[in-house]
Novice: 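Got a structure here, written out as structure tokens. Questions coming.
Remember, it's a predicted structure, so these values are computed and weren't measured experimentally.
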Amino acid sequence: MARREFSEERRRRLTHRALPAAAIAALVLVLVIALAGGGPSPAVETARAFAAAWQRSDQRAMYALLTPEAQRRHRLAEFAAAYRHAAATATATGIVAGKPRDARGGAALPVTVRTRVFGSIRARLQLPVKGSRVEWSPRLVFPGLRPGERLTRRSVPPRRAAILARDGRTIVSGPATARVTGVAPGGIAGTMAAPPIAAQRAAAYARGFPDGWPVGRGGLERILEDRVAGSPGGTLLAGARPIARAAPRPAPPARTTIDLKIQAAADTALAGRLGGVAALDARTGAVRALAGVAFSAPQPPGSTFKMVTLAAALQNRVAKPSTPFPVASYVLLDGVKLQNANGETCGGSVGEAFIVSCNSVYAPLGVRVGARRLVGMAQSMGWDRPPTLPGALPSTIPPAKAITSPLELGSTAIGQGRVLATPLQMAMVAQTIAAKGVQHPPSVVPEGAPRARRVLSARTARTIARLMVGVVARGTGVSAALGPGVVAGKTGTAELESTTGPSAKDLTGNQQSHTDAWFASFAPARRPRIVVAVMLVRAGAGGDTAAPTARQVLQVALAGGR
């Protein structure tokens, strides 16, 4: 019994023996270091902040982390430009920084650069840190650069893809530096040239093309630039060292919705005059022809805009076609006379005034509709929206709050004032009416067309279409007729300067030079297949010049039977 007690006492003493004083001191030191120094070092913290700013392209925040000496050597503008140029040279789309760690003289920062041409480039950036500031030098613009090395690129552009018509025939083909047009007439193909604006040159370089490489300038070459240019290749160099390579990848031929017969008719009808012709499939919005400045020169649309004013009035139940208005030669708004064309007397009802294009009815009708509803209808039709065709200019209308008087509102309602439109935009309005209120945004390729939107009720669209048939049957658009009830249209004569008084005629005595001529139409009226809009700059009245121009295109399109 005593022996057993002795063993237990010995075991207790051995297991609870006091630690030596030196061991206790070492343990305390480790605990102090762990508690006081276990967080990230200043160099790592600086690297984290620098990387975070880099990832969000905040060069100002990056620059703030530089040492005073580095900031004296390199101004902010130079610093930011160096990073932008390096990103463009590498075709970078973004960076992802990993977890930094302490390294001799600073921190080691793993970086992945995502690029358009070279895939993902991974390297370690040795970030020199003094205190809590970066000792910056130009080699830090890209991971993996050694002292004295610059990031450069040898670009290898691909062969540009051919552009084809709807039936597969070639519109234009060949390399970007020597394009050859095929069977398409006129300027539908567009041209190739170096980007004229520095920002455009920089954007092409950032896509991987050589500096100053030709791009599409107008026509289908501009619209389809991203589709037919292909993906460049080349070699990315750090000094003389290749750090990434990629092969160029040409794009496949791009088949468009262009109908060469309708395109030829549009070019022939335009006959070299300054203006534009846009032709769309009434059922899908597919572009069948674009001639002249069909989408690149917004102008006051004149009375073709009355389609929008009437739509706003009918849709909001402000008026019906039978709503009466006085027969007059002008209307007085804010003490100013808004006259009808040539001072003619017209009116009677909203519907009859549409057929004969009566300003003395539609200006006050616009006032009744109100700026908010009128502008809202225009915007739903496409005004102030980004065009669906690259390179197209937007059609614009002032915001409702900027239309501050009855005179401004009445002028807007008849397509004057500050409202601007392209022939393509007025074709979109006519297409919406032809498709019973459903707008199909224009597209030049059969796949991936923008989603259709209902803009008008079917009832409103049918009412406007019926009145547009009246315009061609017995109103201002009779010169567009192809037979009873075949064509529906709306004329427009947009005043550019005063058309009355001693200054109305130019030196040749030609009064037509003060107005743009417009016509927007579709056919056949009962089952629409084709939409045509025409604008002729300083060419007189829409019914006299634009309507017969549209008639030529409509005739060819209907003869095709598609």
Side-chain angles (χ1 to χ4, degrees), residues 185-188 190-191 217-219 222 263 265-280 287 289-307 341-342 357 359 382-383 387 389 391-397 411-412 414-430 476-477 479-480 489-500 503-521 531-554:
I188 183 64
T191 58
R217 296 276 302 278
R222 172 65 186 90
Q263 181 64 47
D267 283 298
T268 300
L270 196 55
R273 292 173 291 182
L274 180 57
V277 178
L280 307 177
V287 176
L290 293 170
V293 292
F295 60 84
S296 58
Q299 298 288 319
S303 291
T304 55
F305 192 79
K306 288 171 183 171
M307 293 186 291
N342 303 316
S357 201
N359 293 340
W383 271 264
L389 301 186
L393 293 182
S395 296
T396 58
I397 188 169
S411 297
T412 301
I414 60 173
Q416 296 285 167
R418 291 174 287 162
V419 60
L420 298 173
T422 62
L424 181 61
Q425 175 59 56
M426 298 317 303
M428 290 171 61
V429 175
T476 55
S479 58
K490 181 69 191 79
T491 58
T493 305
E495 293 185 7
L496 306 176
E497 299 95 13
S498 174
T499 56
T500 61
S503 63
K505 296 183 180 181
D506 60 22
L507 294 178
T508 64
N510 181 11
Q511 191 176 26
Q512 290 186 343
S513 67
H514 292 271
T515 58
D516 286 349
W518 287 82
F519 190 68
S521 59
V531 169
V532 174
V534 174
M535 184 268 291
L536 301 174
V537 175
R538 296 186 180 275
D544 295 338
T545 57
T549 300
R551 180 181 182 276
Q552 291 179 252
V553 183
L554 291 166

Novice: Who pairs with P387 by side chain to side chain contact (heavy atoms under 4.5 Å, CB included), at least two apart in sequence or on another chain?
Specialist: A392, P394
Novice: Looking only at heavy atoms, what is the nearest atom pair of V532 and A279, with distance?
Specialist: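 Shortest heavy-atom contact: CG2-CB, 4.2 Å.
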Novice: Taking it one step at a time, do V534 and S521 satisfy side-chain contact (heavy atoms from CB on, under 4.5 Å)?
Specialist: CA-CA 9 Å; V534 174; S521 59; over 6 Å; no
Novice: Please check if the side chain of T545 supplies one atom and the backbone of A539 the other of a donor-acceptor pair under 3.5 Å.
Specialist: yes
Novice: How long is the straight-line distance from OG1 of T412 back to CZ of F305, given to the nearest 0.5 Å?
Specialist: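 Taking CZ in F305 and OG1 in T412, the distance rounds to 7.0 Å.
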Novice: Hey, which of V429, V419, T422 is the one that makes side-chain contact (heavy atoms from CB on, under 4.5 Å) with S395?
Specialist: T422
Novice: Would you please test V287 and F295 for side-chain contact (heavy atoms from CB on, under 4.5 Å) and show each step?
Specialist: CA-CA 12 Å; V287 176; F295 60 84; over 6 Å; no
Novice: Please check if the side chain of Q263 supplies one atom and the backbone of L290 the other of a donor-acceptor pair under 3.5 Å.
Specialist: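 The answer is yes, because a donor-acceptor pair under 3.5 Å joins these two groups.
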Novice: Within this structure, what is the CD-CD1 distance for the pair Q425 and I397, rounded to the nearest 0.5 Å?
Specialist: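 Rounded to the nearest 0.5 Å, the CD-CD1 separation comes to 10.0 Å.
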Novice: Suppose we screen for side-chain hydrogen bond (donor to acceptor under 3.5 Å, both in side chains). Which residues come up paired with R418, at least two apart in sequence or across chains?
Specialist: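 Applying side-chain hydrogen bond (donor to acceptor under 3.5 Å, both in side chains) to R418 gives none.
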Novice: Under the 3.5 angstrom rule, does the side chain of T191 hit a backbone N or O of R217 as a donor-acceptor pair?
Specialist: yes
Novice: List the residues meeting side-chain hydrogen bond (donor to acceptor under 3.5 Å, both in side chains) with T304, not counting sequence neighbours, and say none if there are none.
Specialist: none
Novice: Residues in side chain to side chain contact (heavy atoms under 4.5 Å, CB included) with T493, at least two apart?
Specialist: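 Residues passing side chain to side chain contact (heavy atoms under 4.5 Å, CB included) with T493: T515, A541.
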Novice: When rounded to the nearest 0.5 angstrom, what is the spacing between OG in S296 and CG in L389?
Specialist: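 That separation rounds to 11.5 Å.
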Novice: Where is the tightest heavy-atom contact between F519 and G477, given as atom of each residue plus distance?
Specialist: CE1-CA, 4.3 Å
Novice: With A494, which residues qualify under side chain to side chain contact (heavy atoms under 4.5 Å, CB included), at least two apart?
Specialist: P300, Q416, D516, W518
Novice: Determine whether T268 and V553 make a side-chain contact, defined as any pair of heavy atoms from C-beta on separated by less than 4.5 Å.
Specialist: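 No; the side chains remain at least 4.5 Å from each other.
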Novice: Nearest 0.5 Å, what's the CG-CG distance between L424 and L280?
Specialist: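 L424 atom CG to L280 atom CG measures 6.0 Å (nearest 0.5 Å).
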Novice: Please check this pair: side chain of K306 against backbone of S357, looking for a donor-acceptor N/O pair closer than 3.5 Å.
Specialist: yes
Novice: Got a second to check how far L270's CG is from Q552's CD, nearest 0.5 Å?
Specialist: 10.0 Å
Novice: S479: which residues meet the side chain to side chain contact (heavy atoms under 4.5 Å, CB included) condition with it, sequence neighbours left out?
Specialist: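 Residues passing side chain to side chain contact (heavy atoms under 4.5 Å, CB included) with S479: A547, P548.
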Novice: Working to the nearest 0.5 Å, report the span between CG of L420 and CG of L393.
Specialist: 10.5 Å
Novice: Of all the heavy-atom pairs spanning P423 and G276, show the shortest one and how long it is.
Specialist: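 Shortest heavy-atom contact: CG-O, 3.9 Å.
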Novice: As a quick check of understanding, evaluate side-chain contact (heavy atoms from CB on, under 4.5 Å) for M307 and M426, giving each step before the final call.
Specialist: CA-CA 9 Å; M307 293 186 291; M426 298 317 303; 3.8 Å; yes
